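To start, the structure under review is shown below, and the notes come after it.
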Amino acid sequence: MKYNHRIIEPKWQKRWEEQQIFRAEDNSDKPKFYALVEFPYPSGAGMHVGHIKAYSGLEVISRRRRMQGYNVLFPIGFDSFGLPTENYAIRTGVHPRVATDENIKKFTAQLRRVGFSFDWSRTVDTTDEKYYKWTQWIFLRMFEHGLVFRDKALVNYCPSCCVVLSNEDSQGGKCDICHSDVVQKSKDVWYLRITKYADRLLGGLERVDYPPNIKQQQINWIGKSTGAFADFRLVGTDDSLRIYTTRPDTMFGATFMVIAPEHPIIEKYKDRIKNLDEIYAYREECAKKTEFERTQLAKEKTGVKIEGLKAQNPLSGRTIPVYIADYVMMGYGTGAIMAVPAHDERDYEFARKFGIEIIEVIKGGDISKAPYIGEGEMINSGFLNGIKTVKEAVAAAISKLEELGVGCGGVQYKMKDWAFNRQRYWGEPIPIIHCNKCGMVPVPYDELPLVLPPVDNFEPGEGGESPLAKIEEFVNCKCPRCGSGAKRETDTMPQWAGSSWYFLRYLDPDNDRAFADPDKLRYWLPVDWYNGGMEHVTRHLIYSRFWHKFLYDIGEVPCDEPYDKRTAQGLILGPDGEKMSKSKGNVVDTNDVVEEFGADVLRLYILFMGDYEKAAPWSESSVRGCKRFLDKVAALPGIAKGQGVTPALDPKFHKTIKKVSLDIEEMKFNTAIAALMTLLNDINEHGALTIDELKIFIKLLCPFAPHLTEEIWEELGGEGFLSLAAWPEYDEAKTVDEQVEVAVQINGRLRGTVMLPLDCPRDEALAIARADEKIAPMLAGVNIVKEILVPNRIINFVVK
RNA sequence: GCGGGUAUGGCGGAAUCGGAAGACGCGCCGGAUUUAGGAUCCGGUGGGCAACCGUACAGGUUCGACCCCUGUUACCCGCACCA
């Protein structure tokens, strides 16, 4: 067969599209399978091979599922709101809407050229007002249920992008988009109360099939710790300072307290503080530091003693000094700690530097040299003395605190509420109206979508105001509640909003009465298999689980967890082994590969290059190897004749069907393809195969190389589309050989091999091995101490 | 620092349960074909002349270890003064 990918690939793409063969049915007797891939951000740079890898895994699985008789939903869409497009607009003056439409067109063309079996009738675009109407709708439902609040807060602010960032977007003190240093700034911030769902986001992980590393990352991100709150009375006042600790058992060893530089107690008692100037100076110094410097560079403990404030330890009754120091963060716990230098490294370091007393309360270490963190008998601790385990001592301390009414057991999370606004144009407008009389009033549901007004200038305002604030006709409005003059919120939602629920919209993308029809939600949910990148494991994945759980709580979706199973593909590195990036010039463009080698080769190589879940460098010569393989496949019809099976090849076919079937399920695509290559080599060695066998071969290859295999199928006179033909079955009995080659070892060293019938009885097998012409001389005159037989595998003689 | 992971030929990577290490592909070497190059086809390819030696390093368990145990090193990812 003549194999010209430039002709056959467009031919089959056109036929699939005309016949709509990858369209999912909303009601079907077949079992359903919902495969989800992370929809792309349509950037101006176009698609690189990494995108293709991200979709290829579930592409193969979806194609196999269809051949297995499933009703498969494999949708695609575009996550189009976001900064790169807006920055492009600022630079060039091209409206984000125009740029987005162009980029979507470009991405669509590229995806179609690769021949993905997406259901193109369900495409969504998060920037389409018919889509973001429902993003706003969900936001308002959250508002209604008290999950949205506004607060003045110190926020992560990127001075370059002029935008407020969530903790997730400013990891390491760098802006996730432009990588400049993030500074702290006081701003009005919209929050989503994700912390209310912290425990359920944690608990839900036990019921889903995610790889352990993904679960661990989410667990770390949520960061639950259990401990206790305790109130330390401020001497000479009726007030007390509340602390959080995971080690209430060590409270008798607390010899000082530390509060965060921003702690409000300073302002409250500034009249009592004698060294206020010193403290203000310290606080200012801290504010200048970025979060990054504060956490990474400031290894040396710094701080100032607050003269004039003393606190009383609620259990020991001891009066202790209070320090201000930046090793305590306002954002975690209560912003105040009790310091137990004998049993905490940071407190130990601080106490040493400031000459504060260190009291040992757990036996087992040498506190003159280092803090002791381990278990041991409690000492110097009043009613706790003699207790030998941390667990018991913690419980005893907490019940005492509760009895005295000065504390209680409690939990803390590292996860913070989700800062949900950006001072940017290219996002969903937050549908809230500020009225002087009524306060924050939601835009009525029947006025949704609240459409982004057209603007000419996309530059953020001074101090990071949204460009929307400059548009009077947008800002000025009537309060929906009292009718008086009011102002619209001008901030927009963050990029993560639209992607938090897109998998629901695929189920009913054109619905204008609901985000999706309940029957369709019931039919398709949950997502059976979700694949995406590791970089989205702590952000998008947690956010979307949170939204889904909320929708479940208000009865809008039928299940609590959106994704049954999650996997993550590894990166494709550049040919130089480095992460692909424009600046390094090592980006491989999909169009170039499709043009030169064809979509089938591209798809095949991407899955053959290595473990799907691991990173691997691109190699053009290896791409050629895949091309060679498909060329050889294209030649098979030339040697195929007759029907039925070829006895010499039949067991190999059964083995290959089994291996390919099982490997695909485990995403071991590389070994599945290797098995097909091996089978091809066997066929060519034999020199012939039957038409029936060739049909099996191309069915197995179809999910990987659908265009070529469809072409061969047509040439063979196959009925309908190969893409919808039945997946081959194998006979387990035929996957095992009747004769097996068994290795013979002497003292664990390979000395020869013997051919044995399958499951040969022990005595017979050993006798044959002993009599083997190579083995027999080596056993002559030695003493056989032990004979080991692993059936069908190995024989080992232990001799002396 | 804490948590997770990885380490196998010149390269990407294989190896159900502890049972013949290096499947498959690339590259390389030799040959055929070709005016030549490319492409294609055939053969070879962990190291060593050999006995043997080889899965990051040092030990251990075992008839037998890439696989299990102890220790070490290097690299990658995530979190990071989380009280």
Side-chain angles (χ1 to χ4, degrees), chain A residues 171-172 211-221 223-225 227-228 243-248 250 254 257-258 260 291-292 294-296 298-301 325-329 331-340 344-347 349-350 412-415 534-535 537-538 570-571 573 577 604-605 608-611 613-626 628-629 631-632 635 659 662 668 670-681 684 741-753 785-799:
Chain A
Q171 297 182 33
N213 56 333
I214 292 184
K215 282 192 186 179
Q216 197 57 50
Q217 266 191 51
Q218 294 208 354
I219 290 166
N220 290 347
W221 191 259
K224 182 176 184 171
S225 85
I243 60 104
Y244 175 73
T245 178
T246 54
R247 295 296 300 276
T250 61
M257 294 185 77
V258 185
E291 180 100 4
F292 182 75
R294 220 170 125 172
T295 55
Q296 313 245 337
K299 286 292 168 207
E300 176 91 344
K301 294 276 177 294
D326 68 357
Y327 82 91
V328 172
M329 308 287 152
Y332 183 80
T334 60
I337 62 160
M338 66 169 191
V340 184
D344 179 279
E345 278 179 36
R346 294 150 303 178
D347 298 345
E349 201 189 316
F350 193 88
Q412 278 296 306
Y413 301 92
K414 286 187 212 174
M415 186 170 72
M534 279 307 289
E535 68 273 22
V537 160
T538 48
L571 290 176
L573 306 173
L604 195 71
Y605 171 63
F608 181 63
M609 61 196 295
D611 186 332
E613 318 213 4
K614 286 196 196 123
W618 185 266
S619 153
E620 183 153 325
S621 49
S622 291
V623 176
R624 282 209 182 82
C626 289
R628 241 169 255 163
F629 169 65
D631 284 339
K632 289 182 203 167
K659 176 135 188 80
L662 297 179
K668 290 164 76 174
N670 53 338
T671 51
I673 294 165
L676 288 166
M677 290 174 167
T678 307
L679 180 58
L680 177 85
N681 292 343
N684 281 333
E741 191 179 29
V742 172
V744 183
Q745 300 179 333
I746 295 172
N747 287 348
R749 289 175 183 279
L750 181 68
R751 292 300 181 211
T753 61
V785 199
K786 203 173 175 185
E787 295 168 320
I788 290 144
L789 171 93
V790 181
N792 306 321
R793 283 259 173 199
I794 213 160
I795 291 168
N796 187 13
F797 296 108
V798 185
V799 302

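Given the structure is predicted, the values throughout are model-derived calculations rather than measurements. We name chains A, B, ... by the order of the sequence lines, and we start the count at 1 in each one.
Contact annotation: A/Tyr244 does not reach the phosphate of B/A83 (side-chain N/O to OP1 or OP2, under 4.0 Å).
The listed nucleotides are B/C63, B/C24, B/G4; the one nearest the side chain of A/Asn213 is B/G4. With distances taken from any side-chain atom of A/Gln216 to the nucleotides B/A83, B/A23, B/G3, the minimum falls on B/G3. Distance from the side chain of A/Ser622 is smallest to B/G25 among B/C63, B/A83, B/G25.
Looking only at distances, no side-chain donor or acceptor of A/Asn796 sits under 3.5 Å from a matching main-chain atom of A/Ile788. Judged by distance alone, the side chain of A/Ser619 and the main-chain N or O of A/Ser622 form a donor-acceptor pair under 3.5 Å.
If you check the side chains of A/Ser225 and A/Tyr244, you find a donor sitting under 3.5 Å from an acceptor.
If you take OH of A/Tyr327 and C1' of B/G1, they are 16 Å apart, rounded to a whole angstrom. Protein atom CH2 of A/Trp221 is 19 Å distant from nucleotide atom P of B/G4, rounded to whole Å.
Between the base of B/A20 and the side chain of A/Glu741 there is a donor-acceptor pair shorter than 3.5 Å.
A cation-pi arrangement is present between A/Lys301 and A/Tyr327, with the terminal nitrogen or guanidinium carbon under 6.0 Å from the aromatic centre and inside a 45° cone about the axis.
Looking at heavy-atom distances under 4.0 Å, A/Asp347 makes no contact with the nucleic acid at all.
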Taking N or O atoms only and anything under 3.5 Å, show me the protein contacts with nucleotides 39-49 of chain B, one pair per line.
unit_1 : atom_1 : unit_2   : atom_2 : d
B/U40  : OP1    : A/Arg628 : NE     : 3.3

Provide a list of protein-nucleic acid N or O atom pairs under 3.5 angstrom, restricted to nucleotides 13-15 of chain B.
unit_1 : atom_1 : unit_2   : atom_2 : d
B/G13  : OP1    : A/Ala615 : O      : 3.3
B/G13  : O3'    : A/Asn670 : ND2    : 3.4
B/A14  : OP1    : A/Asn670 : ND2    : 3.2
B/A15  : OP1    : A/Lys668 : NZ     : 3.3

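A stem is defined here as three or more consecutive Watson-Crick or G-U pairs, each with both distances under 3.5 Å; for RNA chain B these stems are B:1-7 with B:73-79, B:10-12 with B:24-26, B:27-32 with B:40-45, B:56-60 with B:68-72.
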